[in-house]
Every structure is written in structure tokens, then in C-alpha cells.
Amino acid sequence: MLKTLLLAALAATLAGAAHAQAPAFAPRDESVEALPAGPGREETFGLCSACHAFRLVSNQGMSRAAWDDTLTFMTQRHNMPDVQGAERDAILDYLAAHYAPRTQGRGGWTNPFAPQ
Ligand code: HEC
């Protein structure tokens with residue numbers, strides 16, 4: 001019993017350490033200037049790259065509604081600040097304008113946040 005508890009504690013510690021160190025998660029080689037120019041760019045980069053690479057965001061293509069769901073998911077699951085009002089609008093406008101769904105040549109991948 002004690003051994004099981006110790007193993008569980010060790011596993012939890014290792015999982016936490018791996019999460020904190022994962023290098024691809026928050027690389028510091030991205031800059032806001034590399035993003036497409038437009039209103040909301042600074043807000044979006046600042047908020048979304050606080051926890052992970054902006055690449056995780058820019059790899060996606062979603063509708064405004066699906067981006068909205070993604071922000072809600074980040075808030076509920078990962079404790080992202082619950083951004084609302086004009087700032088949320090600016091971020092959603094920016095994401096929808098520059099990271100819209102790609103319709104061609106991207107087969108085989110399903111957006112986990114897309115409305116069913
Ligand atoms: C407080 C931390 C935090 C913030 C801020 C944050 N995220 Fe995330 N995000 C995460 C974590 C942790 C993951 C890891 C994958 C998972 O568990 O979904 C993630 C993963 C993702 C993914 C990939 C999901 C997948 O299934 O591959 C997307 C897209 C995403 N975030 C979008 C955003 C956007 C857009 C913003 C800014 C509006 C943002 N995130 C801000 C914590 C955050």
C-alpha cells in the first residue's frame with residue numbers, strides 16, 4: 001500500500017516536471033511582429049503566447065464561433081483570464097480574420113473545438 005502511494009506520488013511529480021519543462025510549449029523565439037498586421041494583434045499574441053507557443057494557435061484555422069469556444073475552453077480548462085467585452089471582440093476579430101478555416105488541401109485533420 002505504501003509502495004503504491006509512493007509510486008503514485010512519484011508519477012505525479014514527474015508528470016508535473018515534464019509539463020513545466022516541455023520546451024516546445026513556450027518558446028521565446030516568437031515575436032509579435034512576425035504575425036500578420038491588424039487590429040488586435042498585440043492583445044492576441046500577448047494573451048495566447050503567455051502559456052504556449054503562438055504556433056499552437058496559428059496552426060489552427062477556425063470560424064469566429066469556434067475561436068470563441070476555444071477561448072472559453074482555455075479559460076475553463078487552463079485558467080486563462082476570462083477576457084470579455086471589447087478585448088475579447090478584438091481578439092476574436094483578429095483570429096477569425098487571420099486564422100480562418102482552410103477549406104482546401106488539409107484533409108485528415110479534425111478541429112477538436114468545432115461545433116458538432
Ligand atoms: C493559462 C494558460 C493558457 C492560455 C493563456 C492560453 N492557452 Fe491555449 N492551451 C493551454 C494549454 C495548457 C494547452 C495544451 C493542450 C490542451 O490541454 O488542450 C493549450 C492548447 C491550445 C490549443 C491546441 C489544442 C489542441 O487540441 O491541440 C489551442 C488552439 C489553443 N490553446 C488556443 C489558445 C488561444 C487562441 C489562446 C489565446 C486567446 C490561448 N490558447 C491561451 C493553455 C493556455
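This structure is a prediction, so every number in the text was calculated from the model and none was measured. For ligands, and for the atoms within them, numbers begin at 1 and follow the listed sequence.
Atom numbering of ligand 1 starts at 1 in the shown order; those under 4.0 Å from a heavy atom of Val57 are 32 (C), 33 (C), 34 (C), 35 (C). Taking every heavy atom of Phe73 and a limit of under 4.0 angstrom, the matching atoms of ligand 1 come to 18 (O). Under a 4.0 Å criterion applied to the non-hydrogen atoms of Leu71, ligand 1 contributes the atoms 38 (C). Less than 4.0 angstrom separates some heavy atom of Gln60 from each of these atoms of ligand 1: 29 (C). Here is the list of ligand 1 atoms found below 4.0 Å of a heavy atom in Thr70: 32 (C). Residue Arg77 approaches ligand 1 through these ligand atoms, each under 4.0 Å from one of its heavy atoms: 17 (O).
For a threshold of 3.5 Å applied to N or O pairs, the pair formed by Trp67 and ligand 1 contains no separation below that value.
One finds the SG atom of Cys48 at 6.5 Å from the CE atom of Met80 (value rounded to the nearest 0.5 Å). With rounding to the nearest 0.5 angstrom, the CG atom of Asp82 is 8.5 Å from the CD atom of Gln76. To the nearest 0.5 Å, atoms CG (Asp68) and OG (Ser63) are separated by 9.0 Å.
Smallest separation of non-hydrogen atoms from Glu30 and Phe45: O-CZ, 3.9 Å.
With a cut-off of 2.8 Å, atom 8 (Fe) of ligand 1 has an N, O or S atom of Met74 in range. At a cut-off of 2.8 Å, Cys51 does not coordinate atom 8 (Fe) of ligand 1 through any N, O or S atom.
No donor-acceptor pair under 3.5 Å is formed between the side chain of Trp67 and the backbone N or O of Leu92.
Thr72 and Arg88 share a side-chain donor-acceptor pair at under 3.5 Å.
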**Item:** Stepwise salt bridge (charged side-chain N to carboxylate O under 4.0 Å, His left out) test for Arg64 and Asp69
**Value:** CA-CA 9 Å; Arg64 197 179 192 281; Asp69 288 348; over 6 Å; no
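Of all the heavy atoms of Met80, the ones lying under 4.0 Å from any atom of ligand 1 are found in both the backbone and the side chain. Under 4.0 Å from ligand 1, heavy atoms of Leu47 appear from its side chain as well as its backbone. Under 4.0 angstrom from ligand 1, there are no non-hydrogen atoms of Thr44. At a 4.0 Å heavy-atom cut-off, ligand 1 touches Leu56 through backbone and side chain alike.
By the 4.5 Å heavy-atom criterion applied to side chains, Phe54 and Thr44 are counted as neighbours. Using a 4.5 Å heavy-atom threshold, the side chains of Glu43 and Val83 count as separate.
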